[in-house]
Amino acid sequence: QVQLVESGGGLVQAGGSVRLSCLASGRTSSAYAMAWFRQAPGKEREFVAAVSWNGGLTYYRDSTKGRFTISRDNAKNTVYLQMNSLKPEDTAIYYCAASRPSYYSASRFEREYDYWGQGTQVTVSS
C-alpha cells in the first residue's frame with residue numbers, strides 16, 4: 001500500500017509563490033508517475049501537472065505553463081510543485097497522486113493514478 005502526504009499549502013497573495021511537497025511511503029520502487037490535481041470549491045477536480053518516473057517527461061495544464069514546475073527527488077520519495085505568479089483562480093485543494101508500479105510515462109488523466117493524498121489547501125488572495 002502506498003501512502004501520500006502533501007504539505008506546503010497555505011494563504012498567499014496574488015503574484016506570490018508556494019512550493020508543495022508530496023512524500024510517498026510504502027513503495028520500494030521509484031518507477032511510477034506522479035501528478036498534481038486540484039479541486040476548487042464547486043468545481044470538479046482537474047489536472048495540474050505530471051512527471052514521469054525519472055523526471056524526463058512532464059505535462060502541465062495550459063493555464064499553469066510557465067508558472068508551475070513539477071519535479072521529483074526519488075532518493076527522498078518526494079514530488080514537488082513549485083507555483084509562481086499565483087492567481088486567485090489557483091485557489092483550490094491540491095492533491096498528489098501516484099500511478100501503479102512500472103509506469104514509465106506520465107498522464108493527465110485521473111484514471112491512470114491509483115493512489116491519492118488527502119490534499120492541501122492553497123488560497124490565493126487578490
Chemist: Taking salt bridge (charged side-chain N to carboxylate O under 4.0 Å, His left out) as the test, write out the residues that go with Lys65, two or more places apart.
Modeler: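 Per chain and number, Lys65 pairs via salt bridge (charged side-chain N to carboxylate O under 4.0 Å, His left out) with Asp62.
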Chemist: What closest approach, in Å, do Ala49 and Leu81 show between heavy atoms, and which atom pair accounts for it?
Modeler: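 Minimum heavy-atom separation between Ala49 and Leu81: CB-CD1, 4.1 Å.
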Chemist: Answer with yes or no whether the side chains of Ser17 and Asn84 bring together a donor and an acceptor at under 3.5 Å.
Modeler: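 Ser17 and Asn84 do have a side-chain donor-acceptor pair below 3.5 Å.
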Chemist: Does the side chain of Gln82 reach to within under 4.5 Å of the side chain of Ile70, using non-hydrogen atoms?
Modeler: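 Not touching, per the 4.5 Å side-chain cut-off.
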Chemist: For the hydrophobic clusters of this structure (ILVMFWY residues joined by side-chain heavy atoms under 4.5 Å, transitively), does one cluster hold both Val122 and Ile93?
Modeler: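 The answer is no; the residues belong to distinct hydrophobic clusters.
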Chemist: What pair of heavy atoms forms the shortest contact from Leu11 to Ser125, and how long is it?
Modeler: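 Scanning both residues completely, I find the closest heavy atoms to be CD1-CB, 4.3 Å.
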Chemist: What are the two closest non-hydrogen atoms of Ala40 and Ala92, and how far apart are they?
Modeler: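 Taking every non-hydrogen atom into account, N-CB, 3.8 Å.
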Chemist: Looking at Ser85, is its backbone amide N or carbonyl O close enough to the side chain of Arg67 to form a donor-acceptor pair, meaning the two atoms are under 3.5 Å apart?
Modeler: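 Checked: pair present.
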Chemist: State, with a plain yes or no, whether a side-chain heavy atom of Tyr60 is found less than 4.5 Å away from one of Val48.
Modeler: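 No; the side chains remain at least 4.5 Å from each other.
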Chemist: Side chains of Thr123 and Gln121: is there a donor and an acceptor less than 3.5 Å apart?
Modeler: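 Side-chain D/A pair, Thr123 to Gln121: present.
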Chemist: According to a hydrophobic-cluster definition based on side-chain heavy atoms being under 4.5 Å apart (Ile, Leu, Val, Met, Phe, Trp, Tyr only), do Met83 and Phe47 belong together?
Modeler: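 In one cluster with Met83: Phe47, no.
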Chemist: Looking only at heavy atoms, which two atoms of Thr78 and Ser21 are closest? And how far apart?
Modeler: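 Taking Thr78 first and Ser21 second, the nearest heavy atoms are CG2-CB, 4.3 Å.
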Chemist: Within the structure provided, determine whether Val79 and Cys96 are in side-chain contact (heavy-atom separation under 4.5 Å).
Modeler: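 Sidechains of Cys96 and Val79: in contact.
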Chemist: Report yes or no: does Ser52 contribute a side-chain atom to a donor-acceptor pair with the main-chain N or O of Ser105 at less than 3.5 Å?
Modeler: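 Such a contact is absent between Ser52 side chain and Ser105 backbone.
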Chemist: Measuring from atom OG of Ser25 to atom CG of Asn77, what distance do you get when rounded to the nearest 0.5 angstrom?
Modeler: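 Nearest 0.5 Å value for the OG-CG distance: 8.0 Å.
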Chemist: Ser99 vs Glu112, test: side-chain contact (heavy atoms from CB on, under 4.5 Å). Steps then yes/no.
Modeler: CA-CA 6 Å; Ser99 72; Glu112 299 295 343; 5.6 Å; no
Chemist: What pairs of residues pass the ring-ring contact (aromatic ring centres under 6.0 Å, His included) test when at least one of them lies in residues 68-117, not counting sequence neighbours?
Modeler: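 Found Phe37-Tyr113, Phe37-Trp116, Trp53-Tyr104.
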Chemist: Taking the side chain as every heavy atom from C-beta outward, state whether Leu57 and Val51 have any atom pair closer than 4.5 Å.
Modeler: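 Not touching, per the 4.5 Å side-chain cut-off.
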Chemist: What's the separation between atom OG in Ser7 and atom CZ in Arg19, rounded to the nearest 0.5 Å?
Modeler: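 Between Ser7 OG and Arg19 CZ, I get 9.0 Å after rounding to 0.5 Å.
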Chemist: Which value, rounded to the nearest 0.5 Å, describes the distance between Gln13 atom CD and Ser126 atom OG?
Modeler: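 These two atoms lie 9.5 Å from each other.
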Chemist: For Arg61, check salt bridge (charged side-chain N to carboxylate O under 4.0 Å, His left out) against everything at least two apart and list the hits.
Modeler: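 In terms of salt bridge (charged side-chain N to carboxylate O under 4.0 Å, His left out), with neighbours along the sequence ignored, Arg61 is linked to Glu46.
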Chemist: Should we count CD of Gln118 as having more than 12 external heavy atoms under 6.0 Å?
Modeler: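 Not buried by this count: 12 neighbours or fewer within 6.0 Å.
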Chemist: How many angstroms lie between OG in Ser71 and CE in Met34, if you round to the nearest 0.5 Å?
Modeler: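 If I round to the nearest 0.5 Å, the distance is 11.0 Å.
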Chemist: Could you pull out the closest heavy-atom pair between Ala33 and Ala106, with the gap in Å?
Modeler: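 Closest pair (atom of Ala33, atom of Ala106, distance): CB-CA, 4.1 Å.
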Chemist: Please answer whether the main-chain N or O of Glu89 pairs with a side-chain N or O of Thr91 as donor and acceptor at a distance below 3.5 Å.
Modeler: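 Checked: no pair found.
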Chemist: Looking only at heavy atoms, which two atoms of Lys76 and Leu23 are closest? And how far apart?
Modeler: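 So the minimum-distance heavy-atom pair works out to O-CD1, 3.4 Å.
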